[in-house]
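What follows is a set of notes on a single structure, which appears directly below.
Lettering of chains follows the sequences in order, A, B, ..., and the numbering in each one begins at 1.
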There are 2 protein chains.
Amino acid sequence: MGLETAALAAIASPRRREILRLVWREERAAGEIHRAMGDVTFGAVSQQLRALCESGLLEARADGRQRFYKARREAMGPVGELLERMWDDALWQLKQRAELAERRRGPRAARPRGSRRKKGTA
Amino acid sequence: MGLETAALAAIASPRRREILRLVWREERAAGEIHRAMGDVTFGAVSQQLRALCESGLLEARADGRQRFYKARREAMGPVGELLERMWDDALWQLKQRAELAERRRGPRAARPRGSRRKKGTA
DNA sequence: CAGATATTTTAGTTATAACTAAATTGCTGC
DNA sequence: GCAGCAATTTAGTTATAACTAAAATATCTG
């Protein structure tokens with residue numbers, strides 16, 4: 001099997017790189033991942049987890065009310081090696097941190113304006 | 001020197017990958033690159049060339065009214081090796097082609113609405 | 001200088017990614 | 001069943017990337 005384009009898209013985003021690093025060697029529950037990331041809502045993390053699953057880069061396992069995620073390293077091919085090299089590189093770590101800090105000033109407000117629909121009451 | 005984040009962003013985009021491939025081993029004029037790509041305006045190509053230069057992945061050389069671009073392979077580190085492996089992979093090539101075709105149905109219309117300003121006549 | 005050619009730049013548009021807050025779903029234990 | 005926690009989903013927002021068409025810039029040629 002060759003290289004996955006999904007893997008390239010994944011590693012282009014600091015946020016997704018952060019998730020991948022957390023679940024690279026051992027599975028973690030969604031909430032645990034969220035807590036480890038800070039400054040982003042649970043919902044946002046859940047969305048990224050779904051995207052990563054759908055492109056085959058993560059696998060999920062349900063246990064009780066928790067869901068455990070783990071990287072599918074074999075699906076990433078050479079891109080995986082690249083990631084590992086990155087994480088071992090001290091200089092790189094600084095850069096990644098800086099980029100994440102920038103991203104935190106991204107889409108911010110999204111303040112609610114109208115009333116919320118109730119789906120079940122139609 | 002370590003890995004450049006810019007390189008990751010570059011290889012995540014099929015369009016920029018295409019440009020990089022064209023100027024990987026030998027320099028090419030902007031127009032030549034544009035003609036080789038098809039289905040995109042010269043302006044769009046020029047913008048991508050600028051972005052790639054600014055992130056240090058290409059170098060430019062002016063000669064008469066032409067501008068020649070060439071990849072700065074040494075700035076890409078391990079990402080460069082990854083790209084080379086991709087281009088040698090037949091399966092990958094099919095995928096890349098498909099993705100470019102999709103991207104061609106991206107931002108399309110941009111039809112003009114108002115009159116254009118004339119900068120020099122103020 | 002006028003015209004042709006090569007490229008860049010600008011202004012505006014569309015599509016999309018990433019996000020938030022709130023609602024919803026699913027499981028557990030009382 | 002209902003309260004409570006974990007996680008997901010939804011609807012709407014903001015920021016941004018990629019693009020087009022037109023205008024501008026620069027260089028060469030007669």
Side-chain angles (χ1 to χ4, degrees), chain A residues 6 9-10 12-19 28-35 37 39-55 60-69 99-100 102-122, chain B residues 6 9-10 12-19 28-35 37 39-55 60-69 99-100 102-122:
Chain A
S13 146
R15 191 73 79 191
R16 282 192 296 270
R17 282 199 301 267
E18 202 175 6
I19 292 179
R28 282 181 205 272
E32 195 182 351
I33 296 168
H34 170 229
R35 280 188 300 278
M37 301 230 304
D39 207 31
V40 73
T41 61
F42 203 154
V45 173
S46 183
Q47 283 166 33
Q48 294 285 11
L49 288 171
R50 185 150 84 109
L52 286 166
C53 277
E54 277 173 1
S55 53
R61 179 180 70 86
D63 179 14
R65 44 190 151 179
Q66 302 190 98
R67 271 176 96 74
F68 290 88
Y69 290 90
E99 273 178 53
L100 269 166
E102 246 182 71
R103 184 132 317 194
R104 293 202 224 283
R105 311 195 318 267
R108 239 163 326 176
R111 74 244 139 90
R113 277 205 336 167
S115 58
R116 288 331 210 139
R117 85 266 97 103
K118 292 235 187 186
K119 218 190 198 172
T121 55
Chain B
S13 146
R15 190 74 79 191
R16 281 192 296 270
R17 282 200 299 269
E18 203 176 5
I19 292 178
R28 283 181 205 272
E32 195 183 350
I33 296 168
H34 170 229
R35 280 188 301 277
M37 301 231 303
D39 208 30
V40 73
T41 61
F42 203 156
V45 173
S46 183
Q47 284 166 33
Q48 294 285 13
L49 288 171
R50 183 149 86 111
L52 287 166
C53 277
E54 277 173 1
S55 53
R61 178 180 70 86
D63 179 14
R65 44 190 151 178
Q66 302 191 97
R67 270 176 97 73
F68 290 88
Y69 289 90
E99 273 179 54
L100 268 167
E102 245 181 73
R103 183 130 319 193
R104 293 202 222 281
R105 312 195 318 267
R108 238 164 326 176
R111 74 247 140 89
R113 278 205 336 167
S115 58
R116 286 334 209 140
R117 85 265 100 100
K118 291 234 188 187
K119 216 191 197 171
T121 56

Every protein N/O within reach of nucleotides 3-7 of chain D N/O, cut-off under 3.5 Å:
{"from": "D/dG4", "atom 1": "N2", "to": "A/Arg65", "atom 2": "NH1", "distance (Å)": "2.9"}
{"from": "D/dC5", "atom 1": "O2", "to": "A/Arg65", "atom 2": "NH1", "distance (Å)": "3.4"}
{"from": "D/dA6", "atom 1": "O3'", "to": "A/Arg65", "atom 2": "O", "distance (Å)": "3.4"}
{"from": "D/dA7", "atom 1": "OP1", "to": "A/Ala30", "atom 2": "N", "distance (Å)": "3.4"}
{"from": "D/dA7", "atom 1": "OP1", "to": "A/Arg67", "atom 2": "N", "distance (Å)": "3.4"}
{"from": "D/dA7", "atom 1": "OP2", "to": "A/Gly31", "atom 2": "N", "distance (Å)": "2.8"}

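For B/Arg35, the side chain to side chain donor-acceptor pair (under 3.5 Å) test picks out no residue, with sequence neighbours left out. Residues satisfying the side chain to side chain donor-acceptor pair (under 3.5 Å) test with B/Arg65, not counting sequence neighbours, are none. Residues passing the side-chain contact (heavy atoms from CB on, under 4.5 Å) test with A/Ala9: none are found, sequence neighbours excluded. Here A/Ala29 pairs with A/Glu32, A/Gln66, A/Phe68 under the side-chain contact (heavy atoms from CB on, under 4.5 Å) rule; sequence neighbours left out.
The side-chain hydrogen bond (donor to acceptor under 3.5 Å, both in side chains) contacts involving residues 40-52 of chain A comprise A/Arg16-A/Gln48, A/Arg50-A/Glu54, where partners must be two or more places apart or lie in separate chains.
In this structure, A/Gly64 reaches the sugar-phosphate backbone alone: every heavy-atom distance under 4.0 Å involves primed, P, OP1 or OP2 atoms, never a base. Residue A/Gln47 is in base contact, counting any heavy-atom pair closer than 4.0 Å across all strands shown.
Taking atom CD of residue B/Gln48 and atom P of nucleotide D/dT16, one finds them 17 Å apart after rounding to whole Å. When the C1' atom of D/dT27 is taken as reference, atom CZ of B/Arg61 falls 15 Å away, rounded to whole Å. Computed from coordinates, the A/Glu54 CD to C/dA17 P distance equals 12 Å when rounded to whole Å. Spacing between atom CZ of B/Arg17 and atom C1' of D/dA18 amounts to 15 Å, rounded to whole angstrom units. Following rounding to the nearest Å, B/His34 (NE2) and D/dC19 (P) show an atom-to-atom distance of 11 Å.
Residue B/Thr41 places its side chain closer to D/dA21 than to any other of D/dA18, C/dT8, D/dA21.
The shortest distance between the side-chain N/O atoms of A/Arg50 and the OP1/OP2 oxygens of D/dT9 is below 4.0 Å. Between B/Arg15 and D/dC19, a side-chain N or O to OP1/OP2 separation shorter than 4.0 Å is present.
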